[in-house]
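Everything numeric here is computed off the predicted structure, so don't read it as measured data. Quick note: numbers below take in every heavy atom, side chains included, and nothing from hydrogens, waters or symmetry partners.
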Amino acid sequence: MNSPLLEARNLRKDYHLPRGQTLRALDDVSLNVNAGEVLGLVGESGCGKSTLGRCLLRLADVTSGSITFNGQEITHLKQRTLRSMRPQMQMVFQDSYASLNPRRRVGDLIAEPLRVHRRKDGSPHGREEISARLSELMTLVSLPEAALLRYPHEFSGGQRQRINIARALALSPRLIVADEPVSALDVSVQAQIVNLFSDLRAQLGLTYVFIAHDLAVVRQISDRVAVMYLGAVVELGQADQVMHSPAHPYTAALIASVPRPEISGSARNPVLRGDVPSPISPPSGCRFHTRCPVAQPRCGQERPELRELTHGHHVACHFPIA
């Protein structure tokens, strides 16, 4: 069996706040991503999805734990050493407009990674080489070459996200972390961008960590799904397995909360009850027990470990429902 392209072990990320408070954004997160795979990260806002994505790419440092990329430990690499690995791992951000400098033409924005990073032999990318690559990238994301001469504000949200994807692809990465890349787009445009991600994966052999709060989007594109709650992974497994046979009450509640046209009235109300507890002072034991419909005394006293329930299906719950 091949080694994972990306592997995270026992990641913890703390933010130190005024008055001596600590916000634990990630709490003992472990997962891996195999080459050519799409791992979907899903959960409510504030669960730590985006923080995990940034930590995996070393855009944010972890408090403890380890991250291995392509067999190399990168957790504590200095930025100078890490820079040589940046072409292999890129990120697509949620806000397509804020990700682009409004004062620069699209061609300059997409070419920037090529100008910053040298080729493998140490020589810079030449003008003709950059021009040819820009044309290739425009074809990949289905935009006309004339777009290279325009500015970001001249495009729609979906087109700007295509530009961001082209920039992420400029250096032919192996891994892309997509941080809610379709959440700000109309539903019809969301489908187009998700299909683009899928096509690029098949064409280029890409590996994705795809972050989203929309379960339909995650199910459409992901091979496996990791469900997060208050900084921890509570369920991990094949996408169909998790969506059709959720083992954690939180996952089941998320799925039940998705509005469906065939259900009307009060039955459409979300199953999730109450508010998400503060990550500054999370509940003891299982963090979900304050909202869980099947919680028992043990749940408030003992934190469940992420364990394998069936082959490839892991759950952190004392009383799994599957």
Side chain to side chain contact (heavy atoms under 4.5 Å, CB included) assessment of L11 paired with D28: CA-CA 5 Å; L11 297 188; D28 197 28; over 6 Å; no
Under a 4.5 Å cut-off applied to non-hydrogen side-chain atoms, are [X] and [Y] in contact?
| X | Y | answer |
| --- | --- | --- |
| M91 | L59 | yes |
| S66 | E7 | no |
| Q238 | V225 | no |
| L175 | Q90 | no |
| P246 | I255 | yes |
| D27 | R303 | yes |
| I176 | L169 | yes |
| H289 | P283 | yes |

Please name the pair of heavy atoms, one in [X] and one in [Y], separated by the smallest distance, quoted to 0.1 Å.
| X | Y | answer |
| --- | --- | --- |
| P249 | V294 | CG-CG2, 3.7 Å |
| L56 | A8 | CD2-CB, 3.9 Å |
| R24 | L26 | CG-O, 3.2 Å |
| R160 | P152 | CD-O, 3.4 Å |
| Q190 | L185 | NE2-O, 3.1 Å |
| S222 | L39 | OG-C, 4.3 Å |

Verdict with reasoning, Y97 to Q161, per side chain to side chain donor-acceptor pair (under 3.5 Å): CA-CA 8 Å; Y97 190 70; Q161 201 58 289; over 6 Å; no
Quiz question: by atom type and distance under 3.5 Å, do the side chains of [X] and [Y] form a donor-acceptor pair?
| X | Y | answer |
| --- | --- | --- |
| S50 | D179 | yes |
| Y15 | Q21 | no |
| H244 | R219 | yes |
| E37 | T207 | no |

Report the distance from atom [atom1] of [X] to atom [atom2] of [Y], rounding to the nearest 0.5 Å.
| X | Y | atom1 | atom2 | answer |
| --- | --- | --- | --- | --- |
| H76 | L82 | NE2 | CG | 12.5 Å |
| N164 | Q94 | CG | CD | 12.0 Å |
| Q79 | R86 | CD | CZ | 5.5 Å |
| S281 | L23 | OG | CG | 9.5 Å |
| F69 | Q88 | CZ | CD | 4.5 Å |
| R133 | M138 | CZ | CE | 10.5 Å |

With clusters defined by side-chain heavy atoms of hydrophobic residues (ILVMFWY) lying less than 4.5 Å apart, directly or transitively, does [Y] cluster with [X]?
| X | Y | value |
| --- | --- | --- |
| L57 | L171 | no |
| I211 | L31 | yes |
| V218 | V233 | no |
| I165 | V209 | no |
| Y208 | M85 | no |

Side chain to side chain contact (heavy atoms under 4.5 Å, CB included) between L41 and F210, intermediate numbers included: CA-CA 6 Å; L41 286 181; F210 198 93; over 6 Å; no
Test side chain to side chain contact (heavy atoms under 4.5 Å, CB included) applied to Y229 and C47, step by step: CA-CA 5 Å; Y229 183 78; C47 71; 5.6 Å; no
Parallel, tilted or perpendicular: ring planes of Y151 versus H153, cut at 30 and 60 degrees: parallel
Within 6.0 angstrom of R103 CZ, more than 12 heavy atoms from elsewhere: no
E305 CD: over 12 foreign heavy atoms closer than 6.0 Å: no
From CA spacing to verdict: side chain to side chain donor-acceptor pair (under 3.5 Å), E180, H213: CA-CA 7 Å; E180 302 210 36; H213 62 265; 2.7 Å; yes
All salt bridge (Lys or Arg N to Asp or Glu O under 4.0 Å) counterparts of R298, not counting sequence neighbours: E302
Is the shortest side-chain N to carboxylate O distance from [X] to [Y] below 4.0 Å?
| X | Y | value |
| --- | --- | --- |
| R115 | E112 | no |
| D199 | R201 | no |
| E235 | R224 | no |

Side-chain (K13) to main-chain (D61) donor-acceptor, under 3.5 angstrom: yes
Residue from V177, I67, N70, T68 passing side chain to side chain contact (heavy atoms under 4.5 Å, CB included) with L6: I67
